[in-house]
Amino acid sequence: MPKELDAPDDDDRLVVAVVRSGGVAGISRRWTVAPPRPEIDVWVGLIERCPWDAPQHKDRGADRYVWSIQVRMPQQVRERELADSELQGAWRELVEAVREADSPSPSPTPAPSPIPPREDPASPE
């Protein structure tokens with residue numbers, strides 16, 4: 001059965017996943033973003049600024065976070081594991097963008113009800 005032209009194709013989607021594991025409690029957190037087509041160029045720019053081929057640090061340290069970053073783009077998959085100390089510059093920008101995009105939008109806070117003016121008992125009505 002042929003795919004419809006307007007149907008999204010999983011092979012041409014951009015998906016970025018970030019997993020933070022470790023720390024004292026050892027609890028993992030995961031954030032994922034699959035940006036809409038109009039935003040893909042911005043995300044590709046963030047991804048391409050990261051030094052994917054730079055040497056990795058061997059010393060992770062006890063009770064430190066480890067960041068796993070996975071990117072699936074059309075015809076390319078990138079993965080990198082970073083020590084917490086390596087999460088700086090372009091890496092931090094990418095991780096923060098993913099975390100922000102995956103966090104729920106804050107619900108608007110209701111406007112406070114207006115306080116009625118205080119009545120002055122001395123004024124005539």
According to a hydrophobic-cluster definition based on side-chain heavy atoms being under 4.5 Å apart (Ile, Leu, Val, Met, Phe, Trp, Tyr only), do Ile40 and Val71 belong together? yes

Output for pair (Leu87 CG, Glu96 CD), nearest 0.5 Å, gives 7.5 Å

Looking at Arg64 and Ala83, would you say the former's side chain and the latter's main chain have a donor-acceptor pair under 3.5 Å? no

Distance, nearest 0.5 Å, that separates CZ of Arg20 from OH of Tyr65: 4.0 Å

State, with a plain yes or no, whether a side-chain heavy atom of Trp43 is found less than 4.5 Å away from one of Val15. no

On a heavy-atom basis, the closest approach of Pro74 and Arg13 is CD-O, 3.9 Å

Do Glu93 and Leu46 have side chains that approach each other closer than 4.5 Å (heavy atoms only, starting at C-beta)? yes

Flag the pair Glu81 / Val66 as yes when at least one side-chain heavy-atom distance between them is below 4.5 Å, and no otherwise. yes

Would you say the side-chain atoms of Arg80 pair up with the backbone N or O of Pro51, donor to acceptor, closer than 3.5 Å? yes

Nearest 0.5 angstrom please: Arg78 CZ to Asp53 CG, how far? 7.5 Å

With rounding to the nearest 0.5 angstrom, report the CD1 to SG distance, Ile69 to Cys50. 6.5 Å

Spatial distance of atom CG (Leu94) from atom CZ (Arg49) [nearest 0.5 Å]: 9.0 Å

Test ring-ring contact (aromatic ring centres under 6.0 Å, His included) applied to Trp31 - qualifying residues, sequence neighbours left out: none

Please check if Val19 and Val16 belong to a single hydrophobic cluster, counting links between Ile, Leu, Val, Met, Phe, Trp and Tyr side chain heavy atoms closer than 4.5 Å. no

Give a yes or no on this: more than 12 heavy atoms of other residues, nucleotides or ligands lie within 6.0 Å of atom CD of Glu100. no

Test of understanding: clusters of I, L, V, M, F, W, Y form through side-chain heavy atoms closer than 4.5 Å, transitively. Do Val42 and Val18 belong to the same one? no

I need the Glu39 CD to Arg37 CZ distance, nearest 0.5 Å. 12.5 Å

When you measure from the side chain of Gln76 to the backbone of Met73, do you find a donor-acceptor pair of N or O atoms at a distance under 3.5 Å? no

Heavy-atom closest pair, residues Gln56 and Glu86: CA-OE2, 4.0 Å

